[in-house]
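Since the structure comes first, as structure tokens, the remarks are kept for the end.
Here, residue 1 is the first one in the sequence, and each next residue gets the next number.
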Amino acid sequence: MGIIVPVLTLVFLLLTTMSHAASKPRMILVGGYVGAWKVPDSPSNTLNHWAEANRFKVGDVLVWNYDAKVDSVLQVTKEDYDSCNIAKPLKQFNDGDTKFELDNSGAYFFISGAPGSCTKGEKIHLVVLSERNNPGGGSGDGGSPMVSPVTSSPAPSTHAPAPAPNAAVGLKVGSGLFLTAFAIVLAMA
């Protein structure tokens, strides 16, 4: 019994630390590397291809690195994204090291503010998955579907669908570690 309390205390501290680390926002470099915010070198290597291969969650922070003397980042509506209209952005960034927090689920549209760059493909459309309210309190992102490719379907939804259910519903980060530690404690008792 004398070893159980210290072991459980250690397990609690470990789980608390892991849970806290998992809740910090992720900093995501747009395109996956410095300098990715540019006119793509081929139609098969666009930022939308990169966005489709990634999952974005509410609270994630997008980071753009670019030369502020020649480029900028504009958050725009879907219509302005489709037409590459740089005249009336929702938000404009021109600091060369732009950070943008994804504060809602749904679609986000960004284009280059450099004249002609958007029409050459320097733009990105991404979808932030909606948060799921599980009875067990789990985030449900472990089995999230991949981000859907950009399509020209009419009237996009204002919110992304909830991730598909999976076997880990309700389990938090470190639950398996806790169960393992608990089994060890029981075996020692």
Just by distance, do the side chain of [X] and the backbone of [Y] share a donor-acceptor pair under 3.5 Å?
X: Asp60; Y: Lys57; value: yes
X: Thr46; Y: Pro43; value: no
X: Lys123; Y: Tyr81; value: yes
X: Trp37; Y: Ser72; value: yes

Requested in this report: Could you state whether Val63 and Phe93 fall into the same hydrophobic cluster, counting links through intermediate Ile, Leu, Val, Met, Phe, Trp or Tyr residues with side-chain heavy atoms under 4.5 angstrom apart?
Outcome: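 Unlinked, Val63 and Phe93 end up in two clusters.
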Query raised in the report: Do Val58 and Ile124 sit in the same hydrophobic cluster, where Ile, Leu, Val, Met, Phe, Trp and Tyr count as joined when their side-chain heavy atoms come under 4.5 Å apart?
Result: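 Val58 clusters together with Ile124.
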Query - Evaluation steps, side chain to side chain contact (heavy atoms under 4.5 Å, CB included), between Asp95 and Tyr66 - result: CA-CA 8 Å; Asp95 59 359; Tyr66 54 93; 3.5 Å; yes
Requested in this report: Could you tell me the separation between the CG atom of Leu47 and the CD1 atom of Ile111, rounded to the nearest 0.5 Å?
Outcome: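 Rounded to the nearest 0.5 Å, the CG-CD1 separation comes to 13.0 Å.
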Report task. With Leu126 as reference, evaluate Leu62, Val30, Asn48 under the side chain to side chain contact (heavy atoms under 4.5 Å, CB included) test and give the passing residue. Result ->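 Running side chain to side chain contact (heavy atoms under 4.5 Å, CB included) over Leu62, Val30, Asn48 with Leu126 returns exactly one hit, Leu62.
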Requested in this report: Using the disulfide bond (SG atoms under 2.5 Å apart) rule, collect all pairs that involve residues 26-60, keeping only residues at least two apart or in two chains.
Outcome: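 Checked against disulfide bond (SG atoms under 2.5 Å apart) - neighbours excluded - no pair reaches residues 26-60.
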Requested in this report: Check the pair Asp80 / Lys88 against side chain to side chain contact (heavy atoms under 4.5 Å, CB included), numbers first and verdict last.
Outcome: CA-CA 8 Å; Asp80 287 344; Lys88 51 183 179 165; 3.6 Å; yes
Query - Val128 vs Asn104 side-chain heavy atoms within contact, under 4.5 Å - result: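 No, side chains not in contact.
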**Report entry** Student check: side-chain heavy atoms of Phe110 and Phe100 closer than 4.5 Å
**Finding:**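 They are in side-chain contact.
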